[in-house]
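Worksheet: the structure to be examined is printed underneath.
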Amino acid sequence: MRRRLGTIAKGTAGLLCGLAVLGALAYAALLLAGYRPVVVYSGSMEPELGVGSLALVKSVPSESVRVGDVITFVDPYQPGRLVTHRVVEAVERPEGGLAYRTKGDANAHRDPWAIALPSQAGRTASDVPYVGYALWYAKTREARTLLIVLVAAFTLFWLLRRIWRPEPAAEAKTSAEPSSSAADGTSFWIEALTR
């Protein structure tokens, strides 16, 4: 039973490690290909982008953005917050260049701004449903605490197993000792004197 549980634990740990490595490699490949993963937190773009989706945003020149494109940009009212909405209109700015009016597909009204994009803009290329939940939860305090507890429990389990496991040399020594089947006990006394 113990051996079976050990095999299951090793298999599970190997599977989890393999999935973590695979996820890290996929994330690195996306970054190298020029994509930036963005988690969708609200339902303003449903059904195109559901809550918890991971939107893959590709950096493109701003001049290539057209009406109908879904773009990701910094919220003009809350710096540091990203917004992913659809371009509904491109308007000429008085100082030259274009500004873009945006709207969430599920919103009744367009956004209260016309944004001027920098030289590069983020256009949504595709999305992966529900994967954003994993990235979002990975950044929470609870997930970090759970990770620390799991690592500590695994380390404790490993140390206790090393402490309680009989040493291989001790097992070999007990099996190599001769049985004292002699009636007179001569072999017992000879062995005791030679030690």
Side-chain angles (χ1 to χ4, degrees), residues 1-46 49-59 72 74-75 78-84 122 124-195:
M1 179 68 173
R2 262 171 123 182
R3 180 174 286 170
R4 190 172 182 193
L5 286 176
T7 304
I8 291 171
K10 284 181 184 176
T12 303
L15 179 66
L16 291 175
C17 288
L19 287 174
V21 168
L22 187 63
L25 289 174
Y27 190 80
L30 284 174
L31 292 177
L32 288 173
Y35 291 95
R36 178 180 178 194
V38 176
V39 178
V40 178
Y41 292 105
S42 75
S44 65
M45 281 300 294
E46 288 186 338
L49 297 172
V51 177
S53 294
L54 184 70
L56 301 177
V57 177
K58 177 88 170 165
S59 182
T72 299
V74 177
D75 187 330
Q78 292 181 359
R81 178 178 174 256
L82 295 177
V83 176
T84 302
T124 303
S126 64
D127 70 293
V128 184
Y130 307 114
V131 175
Y133 283 124
L135 290 179
W136 183 69
Y137 285 123
K139 294 179 181 179
T140 63
R141 181 185 310 173
E142 292 82 10
R144 289 191 300 259
T145 303
L146 179 64
L147 180 64
I148 290 168
V149 167
L150 286 175
V151 168
F154 179 75
T155 304
L156 181 64
F157 173 76
W158 181 77
L159 288 172
L160 289 176
R161 190 165 175 220
R162 300 262 313 168
I163 291 169
W164 290 336
R165 183 186 310 165
E167 293 183 26
E171 289 176 4
K173 190 175 182 181
T174 56
S175 64
E177 288 179 1
S179 62
S180 58
S181 61
D184 61 358
T186 311
S187 62
F188 171 74
W189 289 107
I190 294 172
E191 190 177 330
L193 290 173
T194 56
R195 285 187 188 174

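Residues meeting the side chain to side chain donor-acceptor pair (under 3.5 Å) test with T84, sequence neighbours left out: T72. R81 meets the side-chain contact (heavy atoms from CB on, under 4.5 Å) test with D75, Q78, V83; sequence neighbours excluded. A search for side chain to side chain donor-acceptor pair (under 3.5 Å) contacts involving R141 returns nothing, not counting sequence neighbours. With sequence neighbours excluded, the residues satisfying side-chain contact (heavy atoms from CB on, under 4.5 Å) with L146 are L150. Residues satisfying the side-chain contact (heavy atoms from CB on, under 4.5 Å) test with E142, not counting sequence neighbours, are T140.
A distance of 10.0 Å separates CG in L159 from CZ in F154, rounded to the nearest 0.5 Å. The distance from the CG atom of L30 to the CG atom of L25 is 11.0 Å, given to the nearest 0.5 Å. Note that the CG atom of D127 and the CG atom of L56 stand 7.5 Å from one another [nearest 0.5 Å].
Taking both residues in full, the closest heavy atoms of S53 and P129 are given as OG-CA, 3.7 Å, listed atom of the first, atom of the second, then distance. The nearest pair of heavy atoms linking V74 to L82 is CG2-CD2, 4.0 Å.
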Practice prompt. Could you check Y133 against V51 for side-chain contact (heavy atoms from CB on, under 4.5 Å), going step by step and ending with a plain yes or no?
Written response: CA-CA 8 Å; Y133 283 124; V51 177; 3.7 Å; yes
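Formation of a donor-acceptor pair under 3.5 Å by the K58 side chain with backbone atoms of S126 is not found in this model.
Note on residues 28-45: pairs passing side-chain hydrogen bond (donor to acceptor under 3.5 Å, both in side chains), not counting sequence neighbours, are S42-S44, S44-H85.
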